[in-house]
Amino acid sequence: MSDPVSALNRVTFDGFVKVEEMGPRGMITLRGDHALPEVKNAATGVAGVNFPGQRECRVVEERGLAWMSPDELLVMVPHGEADTAVASMESDLDGTHSLAVNVSDARAVFRIIGPGAREVLAKLCPVDLSPEAFVPGTIRRTRAAQVPVAFWMVEEDVFELVCFRSVAAYVFDLLKTAAIPGSEVGYF
Amino acid sequence: MSTRLQTGGRLIDRSHREGFSFNGKRLTGYAGDTLASALLANDQMLVGRSFKYHRPRGFVAAGGEEPNGLVNLGKGGQFEPNQRATTTELFDGLTAESQNHWPSLEFDIGAINAKFSRFLPAGFYYKMFIHPRPLWKHVYEPFIRNSAGLGKAPQDRDSDRYEHFYAFADLVIIGGGIAGLQAALTAGQAGAKVILMEQTAHWGGRAPVDGVTIDGAPADDWIAKTVTTLEGMENVTLRTRMMGAGVYDHGYVLGYERVADHCPGLGLPRHRLWRIRAKQIITATGAIERPLSFAGNDVPGVMLASAIRDYAVNWAVSPGDRTVVVTNNDDAYRTAICLKQAGLEVPVIIDARPEASGALPEAARALGIRVETGKGIAKVLGGKRVTGVALCAQAGEGAELEQVPCDAVAMSGGWSPVVHLWSHCGGKLNWDDAQAHFRPDANRAPTSHDGLPFVISAGSANGELHAAATLGDGDAAGKTAIRALGLSATAGGVAKAEAEAEEPMTPVWIMPQGAGVKLRSKMWLDYQNDVKVSDVQLAAQEGYESVEHAKRYTTLGMATDQGKLSNINGLAVLSQSLGADIPQVGTTTFRPPYTPISMGAIAGEARGEVFQPLRRTPIHEWNDANGADFEPVGQWRRPYTYLRNGENRADAVKREVLNTRNNLGLLDASTLGKLIVKGPDAGKFLDLLYTNMMSTLKPGRCRYGLMCSENGFLMDDGVVARIDDETFLCHTTTGGADHIFAHMEEWLQTEWWDMQVYVANATEQFAQIAVVGPNARKLLEKLGGMDVSAEALPFMAWADGELAGIKVRAYRISFSGELSYEIAVPASQGRAFWDACIAAGAEFGLMPYGTEALHVMRAEKGFIMIGDETDGTVIPQDLGLNWAISKKKEDYLGKRAQQRSHMTDPKRWKLVGLETVDGSVIPDGSYGVADGINANGQRNTQGRVTSTYYSPTLDRGIAMGLVLNGPDRMGEVVEFNKVDGTTVAAKIVDPVFYDKEGEKQNV
Amino acid sequence: MLILTCPYCGVSGEETEFHAGGEAHLKRFGPGSSDADFESYLFHRENPKGVHFERWRHVSGCGKWFHAARCTTTLEVFGTYTAQTSEPPQSIKDAITAKRPGWTWRDFA
Amino acid sequence: MVVGQIFDRSITNRARRAMKGIRRMSMKRYSVFAIAREAARYHSGWERAWKSPQPKKRYDAIIIGAGGHGLATAYYLGKNHGITNVAILEKGWLGGGNTGRNTTIIRSNYLQDPSAAIYEKARSLYETMSQDLNMNVMFSPRGVIMLAQTEHEVRGYERTAHANALQGVKTEFIGPERVKELVPIINIDGPRYPVLGGLWQARGGTARHDAVAWGYARACSAMGMDIIQQCEVTGVRRDGGKVVGVDTTKGAIECNKLGVVVAGHSGVISEMAGFRLPIESVALQALVSEPIKPCMDVVVMANTVHGYMSQSDKGEMVIGGGTDGFNNYTQRGSFHHVEETVRALIETFPIISRLKMLRQWGGIVDVTGDRSPIISKTPVDGMFINCGWGTGGFKAIPGSGWAMAEMIAKGEPGALAAEFGMDRFVEGRFIDESVAAGVAH
């Protein structure tokens, strides 16, 4: 097995915020009824974090769970563990109607770092990114310009944004343009 | 002449000179000037030509309502036509040129039109140029077109960039005058999240110019204090140079921020378009003074009284040494007083009212200014510049009483609130008889998603014209907003604004009121479009009675100022002509934007590389580096072919086809959709989605399937692999991946929600690489890791395994008729696997091939292609695909539709192969012609080509097509049309042109 | 530019996050149905000036389909609700009645 | 063209008498000489373009809707069929709907035979409309290009070109160089969607939309027809499945035949008559720029990137956008469509980036199940409907009126209208012009 290559191979950009492509990240789409204990346990078992409520996102290092919809979770693990995580969840969920799919390579992950991070996203996403409206621990699925994305805050001034692998370059270009020094808005 | 005064100018900084040029002339102004004030300071009164008659034009106004002062601004990639000089901040190095004249501004040939103006009344072109017919296209229209337009068309690509910004607020306040500031203060103190925007670079609006005092001090003091207070509030955002461009449904507001227009070259985004979602909106957008309609009111030097005041107070510019003031209200006296106090002459104030005894008239008289009441202007003297006015009795028909020499005229017909933003989203207006204007009706405000009002009007925009009332109204608006937001106002009074009391104005729509047609045809309503009082009256006379008809017939208010100065005056003239009340006649609709906004700002960042998303496969970089000639397929880029040195497209495609047939081809098929469908009911679900029976498919096996819309039309196709009892993997077309996924979710969520099925779109998880050709197995065996023999992996089977040390899923399927494997590998390994194939394949003659070779090979095999054989009107039965339609199933999407009479009509065209008699290639899109014509005189047809190619394998033209009774007419020859009128003969044959028995793929 | 609230993820997003899916509560007619019923199912639409029930998908979001009750002349949104129902919940009907007394839509009122 | 001749010969003596009405206008005919004469007396002699009468008790035929289609229907009822005892009822002002809100493009390069027939009939009538109506409607056959920006689109337009060749519609598929020649400001090698060619119809173009409505209105009025504005229809009177009249805000009016031509409100009228339509009403967005000196002589449509643009005789760039996806009766602009259209057009015509949007607006269009119009008999005897023109109504006005008038006069659709009946939705007989089922492998 040769080393996995992410969409943009960890490219970075320094503007009035720093933009980094994070390299391979293990991601699993888990579909199943959140109310079922089997589903809860399978997910928390591999992610090692508490089960998220509506629109919550719990991430510790490379592991985490994000609430994607009433019957969908995004399970995050180190890239190398994705397949085994899927297998272990499938065995936990044996007999329970559910679907676990490794989508690690279908995604690209970016970090937007710096005090201007909220502003950069607010140039691209129709979402209220003011500190009182958007806080660490929540995930927002929306669009960035013309493509679907999801993002959450790891901590103040640090966002992680996920998009489809095929449009990683488009999203990176958008983030770069939005972060060009001199184009700070000074709103938040 | 117009000059710069020695002292004063609250907005200019005399210590900073800015050099600029106008029509090549080098001029200077001060920091803080607008281009307009700087031009006037240089005695440049003549700044343009009107649209229709090319009349000389000078500034009338000092703000966004200016209809005349439009220039071509800048050069090259920063050139911009129709830039409003009154809203253009002066900067060092600015270059401007006047518009719409030839050869020069001073001497303009087009001015000849003015001489013939009597022959060019409203709508003249509807009545002329009718005969003889050809002349319209070849003579008349070209002439009219050449005289059309104002500014020049830009030549170069825009060198600036633009961006968008999304903001959310409790309250957006549009307008930074004292009403807006007060509203912001009231709402801000109550804790509301407020955005206050002002279109100019300065806070305070008109109050300082009008000499308003607040709490006993000049308005400027209070404005400065209030702005400081607001800036100190966490919950309040202040933006200048940001115009409220439009108010849309559900509280969506456009803020047009001109970030860098006043400081180009710093690499800043030129404009930023704010898309703000506001719970409440306050429009404190002020009011606009109306011109008076008297003969010659368009001669350069005739200006709005308030504008002359603005130029004097804000920029220390006097448009004239001797200014005659003409008015129907007290406010204009402020201009006279201010000019007098600046040491300028005001020979006379002409007041149309029978008497003028208010505080302001008395103050004027006290300064020794002559006041003539009950009088009007019979006509203005002068051509390119005012030289005097002739007085007359307002009550009369215009008999001249005396002539008064002057070089400027300050006119005031009263004020109209700026109700545009109130009206954009459906806010209704009331007619105010006393002030003769439309003002917002608070009881009929625009309503939002919750059905509740979300726009409030404040200050003079709300019809509260007098400063004393303005502040209070701003506070009231702030409080209304607070209540709507569920907040409570904090205690604390409102400052007290004071200004001289004003006596009532008297509406004056025509001056003098009895003016004959001769004078009326010299009274301008719309300065830019040359619409006169007589034109609106003609429209009424000819039955264009609705305000919309009159507007469109005369073009009143359709110029780039959108009638900010002319609409009410024109409406009043129309009402008078119809003998109706103004409110009955109504007003035209207010459309966004308030003043024009740049296309660049609207597009924002979406230009060049990020104009639209471009989707790339994991192999994209290799393709790019290895001669790929890309074609857009949806948002994907796919290699049409790989060009080798010196090859043209056709050669390359031929090479790729022959090499794949004879040796080994490699195709980047990553864009194919891959949907995972799992659950106890997955089989049942897919039986409903596909025309085929999928529930009987065995794990480990693949089946080609067809999907139809509920309308019966073939929508998508692809190979379905059964992974295990509960799990299927459905391949879709490239274009289908997203919409078929959505299609599945739609049926699961909205119709069959009791089914236990989950779907996931795994399209981008895998790179999919087709290894195709006689040497395909050899290559995979060399890569090693799994058994790919015919026994272990027969045709239409799949297996998981490893190749070249990479985990893969190998599908033994073929879209070319060759021995073929499609290898799915994780996208993060895609490039590695591709490289491994390239490296190992050399000895087997491996060459990558593109979409065109793929198309040719599938056509040689008679395989259909969604989008070629189908076009949204074709059903599987048309394509001889009945074998793929399960007879056993009671139901599938499209089944009922396919039972409708037209779908079962035996006359439907059916798929066949076509072989040209002469071996040539039938043109794309050609139709099979039949004898005779139909009832509409169109040539009858009996079929059409759906795919047509040169087949390198057979070295001849081959095609597939839909033909009337085609399958029953094997061997018959049909003529297919060419656009040159000739036809090409083609024989109807079996659509499978190559390897009918399928020997090549079953090895 | 509408604001809609997705009943599944609770997001109040702008129109561009959603995809309009046409009239709600259509009854599917399949094989065996009459020509008239089938035509009506595929093509005939209420298209009212006023209260309307329609389908939306939170496409740039949680991906769920849901229903909205909306006024086509004022664009007021009376409420949104799950797609897994063949008629509007009483709470939605009540909300509409409060705003538009005497409204009807197909057989609903 | 063939159809034309057939009908022209069918004009009855009554029709000829009706035409005299128009000729009797001679004293107030529009011409350069009339202008000169009137100029002498400051235009005091111009008469009303159309009368404004009160409704009579009954008419042979009532047309609901005084937009372009409705007025054209009435005009050809008189001109082709001699039926002049006609009222045209309009709830607002004539021509105040989509006729005055569209982007005025006229073309007939359609793919399907029925569409090509009626749009080409319309286009050919536009050629002589100024003379027929004695009002200059400024039909400007400046040419229309539909850009092909993908291989798939190239094949699609080559197919249309072949179809047009058999339909008697003059079009040709041209290469990128020729496109650039015709439209110097176009960017043919854009980074994303290079221009691979285009379908060119030299005799397509534009016209002055208001003048079309005004011209028909003036001619109808001259034939003695009653155009009754500010008169809203509130009910359709029937007697045993046959139409006998309408209730209006100006009282009840009887008629033998009723033609409904009310884009955007068809559903409302059909409901009054007790039947439903396969129609949804949505808002279509449009905008204009500030006027600039002429820089683009032809009409360009770029379907891949969703935008089309032409330059008016006034110099404004007239730009058409997309439709909302949801039912909407507010004639307001919605901004995100404008955004999508403008960014596409800047990519295609880079120089417009520094022009400014002067005005945006919305119009309500009726969209049918196959996005083609309905010209049809209805379940109510004597009642006929013309609707569903979607975004393409203006260009069809004369052909639509011609076909509708023929159907009202004869009680049965003629060749032009035959294929546009409502029955096609039962049969699954679509007239689908959007023939492209997504992108292939």
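Naming convention: chains lettered A, B, ... in sequence-line order (proteins, then strands); numbering from 1 in each chain. The structure presented is a predicted model; accordingly, all values stated were derived computationally and were not measured.
With rounding to the nearest 0.5 Å, the separation of SG in A/Cys125 from NE2 in B/His164 is 13.5 Å.
Counting heavy atoms of neighbouring residues, nucleotides and ligands inside a 6.0 Å radius, atom CD of A/Glu61 does not exceed 12 of them.
Of the two parts of B/Tyr252, neither the backbone nor the side chain holds a non-hydrogen atom closer than 4.5 Å to a non-hydrogen atom of chain A. Heavy-atom distances place the side chain of B/Arg272, and not its backbone, under 4.5 Å from chain A. Both the backbone and the side chain of B/Pro613 come within contact range of chain A, judged by heavy atoms closer than 4.5 Å. Using a 4.5 Å cut-off between heavy atoms, B/Gln612 contacts chain A through both its backbone and its side chain. For chain B, the nearby parts of A/Glu119 are the backbone and the side chain; heavy atoms of each come within less than 4.5 Å. Contact annotation for B/Thr237: only side-chain heavy atoms (C-beta onward) come within less than 4.5 Å of a heavy atom of chain A. Contact annotation for A/Val127: only backbone heavy atoms (N, CA, C, O) come within less than 4.5 Å of a heavy atom of chain B. Interface residue B/Arg161: only side-chain heavy atoms are found under 4.5 Å from chain A. When heavy atoms are compared at a cutoff of 4.5 Å, B/Leu614 approaches chain A solely by way of its backbone atoms N, CA, C and O. Contacts between B/Ile195 and chain A at a heavy-atom distance below 4.5 Å involve the side chain alone, from C-beta outward. For chain A, the nearby part of B/Val757 is the backbone; its heavy atoms alone come within less than 4.5 Å.
A/Asp128 contributes no side-chain N or O that, together with a main-chain N or O of B/Phe168, makes up a donor-acceptor pair within less than 3.5 Å. In this structure, B/Glu605 contributes its side chain and A/Leu124 its backbone to no donor-acceptor pair below 3.5 Å. Judged purely by atom type and a 3.5 angstrom limit, A/Lys123 has no side-chain atom pairing as donor or acceptor with the backbone of B/Glu163. Within the 3.5 Å criterion, the main-chain N or O of A/Pro126 finds no donor-acceptor partner in the side chain of B/Arg275.
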For this session: Any chance you could lay out the side-chain contact (heavy atoms from CB on, under 4.5 Å) test for B/Gln765 and A/Arg165, step after step, and finish with the verdict?
Result: CA-CA 8 Å; B/Gln765 172 65 14; A/Arg165 182 188 186 104; over 6 Å; no
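When B/Val759, B/Leu268, B/Leu266, B/Ile676 are compared by the number of non-hydrogen pairs under 4.5 Å with chain A, B/Val759 comes out ahead. Here A/His97 is the residue among A/Arg107, A/Arg31, A/Gln146, A/His97 with the most heavy-atom pairs under 4.5 Å with chain B. In terms of heavy-atom pairs under 4.5 angstrom with chain A, the leader among B/Arg239, B/His620, B/Glu621 is B/Arg239. When B/Lys678, B/Glu257, B/Gln635 are compared by the number of non-hydrogen pairs under 4.5 Å with chain A, B/Lys678 comes out ahead. Between chain B and the residues A/Leu129, A/Leu174, A/Leu121, A/Thr29, the largest count of heavy-atom pairs under 4.5 Å involves A/Leu174.
Under the 4.5 Å side-chain criterion, counting only non-hydrogen atoms from C-beta, A/Tyr170 is in contact with B/Val610. No side-chain heavy atom of A/Val5 sits less than 4.5 Å from a side-chain heavy atom of B/Gln829. For the pair B/Pro269/A/Ser183, a side-chain contact is recorded, criterion being any heavy-atom separation below 4.5 Å from C-beta on. At least one side-chain heavy atom of B/Phe165 sits less than 4.5 Å from a side-chain heavy atom of A/Val185.
Counted by atom type alone, A/Ser166 and B/Glu764 present one or more donor-acceptor pairs between their side chains at under 3.5 Å.
Closest non-hydrogen pair, B/Tyr758 versus A/Asp33, comes out as OH-N, 3.5 Å. In plain terms, the two heavy atoms of A/Leu99 and B/Ala760 that are nearest each other are CD2-CB, 3.7 Å.
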